[in-house]
Amino acid sequence: YCIETNDTVDVEEMLEFAASRKIVKAHWYLGQWYYMQQDYSLASENYAAFINETKDDSLRHLAQQRLNQCDRLDRMVRNSEMVCFVDSFVVDKEAFLSVYRMGNDVGRIATCAAYFGDGALPGHVNETERGMDIYFSDENDADEPLLKLYSRSKLGDSWGRVQPITGFDTKGNDDYPFMLADGVTLYFASDGEGSIGGYDIFVSRMDTESGRFFRPDNIGMPFNSTANDYMMAINEVANLGWFASDRNQPEGKVCVYVFIPNSEKMRVDVSSMGYAKALEIANISSIAATQGDAGLLRDAQRQMALLLY
């Protein structure tokens, strides 16, 4: 009951007491509790303790699955990227693209329904800055259709054939594509293999000789979470990036984050800052806490104002 009602005052103390008295399943519920609090390190410890003490094979198997997930999330927390967030906007999910004021340097992103003029089309499309290529998602021809990624290039005044993005198969839905100006680096979101929950943002790069893409990488925290995270877009001229997430949002709402892309990735140092601080960074608990470099922030806010107004 305490876990279901998120009673933070009593539940942890009571369950820790129960575990100290060897009460059956106390570690099971502690693992569940710490997972809900996004403290994956303590969740892992308690699921491991439960596995060692339980005689229920079915629960042991389920606990092992949860332990594996918590271990992965814990590793991601400890490898979170240090990112300076400029601002965030909570908007209706259906209108989230209205916040992406990226300027003309990066092309265009839109829903496929709006871009192609067909209200029945699912998915999203990215038109590159010169308008010569588009990357979009559409349902494949499987018995149970999934959204997959495709591209199309302009040849003179007409568009060439639709080409599937090849080189990998996430075995899930792939949507929200965005190609960087280099024409090689593709961001997209997928709920398939490699996701830690819902849609996660991935990056892949094209082999320019074959046209195939390499196996995509999950870009990790703080960009991804156990909720839905998607539509990464970057204006390299303005040095600003955007992505959307429904973490900690009510139904029908999403938060669009604006951030400063790092030229070199800087990871959290758990040994110096502690796990709690690393967890705050991974979860984007406070935007203000990420804004350490005042000069860098002022430049980003100036660029953002230029794009907005």
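Computed over heavy atoms, backbone and side chain alike; hydrogens, waters and symmetry mates excluded. If you read the sequence from its start, that first residue is 1, and numbering goes on from there. Everything numeric in this text was worked out from a predicted model, so none of it was measured.
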Working to the nearest 0.5 Å, report the span between OG1 of Thr290 and CD1 of Ile281. 8.5 Å

Is any side-chain heavy atom of Leu59 less than 4.5 Å from a side-chain heavy atom of Phe50? yes

Test Ile51 against every option in Leu67, Leu62, Asn46 by the side-chain contact (heavy atoms from CB on, under 4.5 Å) rule and name the one that passes. Leu67

With sequence neighbours left out, which residue pairs that include part of residues 260-289 fulfil the ring pair (Phe, Tyr, Trp, His ring centres under 6.0 Å) condition? none

Quick one, Pro216 and Ser190 - any side-chain contact, counting heavy atoms below 4.5 Å? no

Check Ala43 against Cys70 and note the closest heavy-atom contact, atom names and distance. CB-SG, 3.7 Å

For a side-chain contact (heavy atoms from CB on, under 4.5 Å) with Arg247, tell me which candidate from Thr226, Ile284, Asn283 qualifies. Ile284

In terms of ring plane angle, is the pair Tyr199 and Tyr230 parallel, tilted or perpendicular, where the classes change at 30° and 60°? perpendicular

Is there a side-chain contact between Val258 and Phe89 in this structure, where contact means two heavy atoms from C-beta onward sitting under 4.5 Å apart? yes

So side-chain hydrogen bond (donor to acceptor under 3.5 Å, both in side chains) across residues 84-112, not counting sequence neighbours, yields Asp92-Lys253

Closest approach of Val86 to Gln291 (non-hydrogen atoms, all atoms of both residues): O-NE2, 3.4 Å

Please answer whether the main-chain N or O of Val83 pairs with a side-chain N or O of Asn262 as donor and acceptor at a distance below 3.5 Å. no

Nearest-0.5 Å distance that lies between atom CG in Asn140 and atom CG in Leu149: 11.0 Å

Any link between Leu307 and Ile109 through a network of hydrophobic side chains (Ile, Leu, Val, Met, Phe, Trp, Tyr) touching at under 4.5 Å? yes

In terms of hydrophobic clustering (I, L, V, M, F, W, Y; side-chain heavy atoms under 4.5 Å; direct or indirect links), are Leu297 and Ile287 co-clustered? yes

Single-linkage hydrophobic cluster, 4.5 Å side-chain cutoff, Trp242 and Leu308 together: yes

Where do Tyr47 and Gln65 land on the side-chain contact (heavy atoms from CB on, under 4.5 Å) test, with the steps shown first? CA-CA 10 Å; Tyr47 280 128; Gln65 290 179 324; over 6 Å; no

How far apart are the closest heavy atoms of Glu12 and Leu30, and which atoms are they? O-CD2, 4.4 Å

Once salt bridge (Lys or Arg N to Asp or Glu O under 4.0 Å) is applied, do any residues pair with Arg298, and if so which ones, sequence neighbours excluded? none

Would the distance check show the side chain of Asn126 and the main-chain N or O of Met179 forming a donor-acceptor pair, the cut-off being under 3.5 Å? yes

Shortest non-hydrogen contact from Tyr150 toward Ile165: N-CG1, 3.9 Å

Between the CD atom in Glu53 and the NZ atom in Lys55, the distance rounded to the nearest 0.5 Å is 11.0 Å

Report yes or no: do Phe188 and Met206 belong to one cluster of Ile/Leu/Val/Met/Phe/Trp/Tyr joined by side chain heavy-atom distances under 4.5 Å? yes

With the side chain counted from C-beta on, respond yes when Val184 and Arg205 share a heavy-atom pair under 4.5 Å apart, and no when they do not. yes

Give a yes or no on whether the backbone of Phe214 and the side-chain of Ser204 come within a donor-acceptor separation of less than 3.5 Å. yes

Tightest non-hydrogen contact, residues Leu279 and Gln38, listed as CD1-O, 2.9 Å

Please assess Phe168 against Asp174 for the test side-chain contact (heavy atoms from CB on, under 4.5 Å), listing each intermediate value before the final yes or no. CA-CA 11 Å; Phe168 61 84; Asp174 303 333; 4.2 Å; yes

Any donor-acceptor N/O pair, Thr128 side chain to Asp133 backbone, under 3.5 Å: yes

Between Asp200 and Ala227 the two heavy atoms that sit nearest each other are OD1-O, 4.3 Å

Worked verdict on Leu42 versus Gln37 for side-chain contact (heavy atoms from CB on, under 4.5 Å): CA-CA 10 Å; Leu42 287 176; Gln37 305 309 307; over 6 Å; no

Before you tell me yes or no, could you show the steps for Gln64 and Asn68 under side chain to side chain donor-acceptor pair (under 3.5 Å), namely the whole-Å CA-CA distance, both residues' side-chain angles and the distance that decides it to 0.1 Å? CA-CA 6 Å; Gln64 185 62 59; Asn68 294 341; 3.0 Å; yes

Measuring from atom OG of Ser44 to atom CD of Gln69, what distance do you get when rounded to the nearest 0.5 angstrom? 9.5 Å

ring-ring contact (aromatic ring centres under 6.0 Å, His included) for Phe116 and Phe136? Distances and angles first, verdict last. CA-CA 11 Å; Phe116 294 112; Phe136 63 98; 5.5 Å; yes

Donor-acceptor pair, Ser20 side chain versus Phe17 backbone, under 3.5 Å? yes

When the ring planes of Phe223 and Phe85 are compared, do they come out parallel, tilted or perpendicular, using 30° and 60° as the limits? tilted

Taking C-beta and beyond as the side chain, do Glu129 and Val106 meet within less than 4.5 Å on heavy atoms? no

Does the side chain of Asn218 reach to within under 4.5 Å of the side chain of Met76, using non-hydrogen atoms? yes

CZ of Arg215: more than 12 outside heavy atoms within 6.0 angstrom? no

Is Lys265 reaching over with its side chain to a backbone N or O of Met82, donor-acceptor style, under 3.5 angstrom? no

Look at the side chain of Arg267 and the backbone N and O of Asn79, then say whether any donor-acceptor pair between them is shorter than 3.5 Å. yes

Verdict with supporting geometry, Val125 and Glu127, side-chain contact (heavy atoms from CB on, under 4.5 Å): CA-CA 7 Å; Val125 60; Glu127 179 185 279; 5.6 Å; no

Mind checking whether Phe178 and Met231 have side chains closer than 4.5 Å, heavy atoms only? yes

With the 4.5 Å side-chain cut-off for hydrophobic clustering, are Ile134 and Leu180 part of the same group? no

Distance (rounded to the nearest 0.5 Å) between Ser80 OG and Asp269 CG: 12.5 Å

Give a yes or no on whether the backbone of Asp191 and the side-chain of Asn173 come within a donor-acceptor separation of less than 3.5 Å. no

Would you call Arg78 and Asp74 a salt bridge, taking side-chain N to carboxylate O under 4.0 Å as the test? yes

Quick one, Asp293 and Cys84 - any side-chain contact, counting heavy atoms below 4.5 Å? no

CD of Gln303 to CG of Leu240, rounded to nearest 0.5 Å, is 6.5 Å

What's the verdict on ring-ring contact (aromatic ring centres under 6.0 Å, His included) for Phe213 and Phe202, showing C-alpha distance, side-chain angles and the deciding distance? CA-CA 12 Å; Phe213 283 78; Phe202 290 79; over 10 Å; no

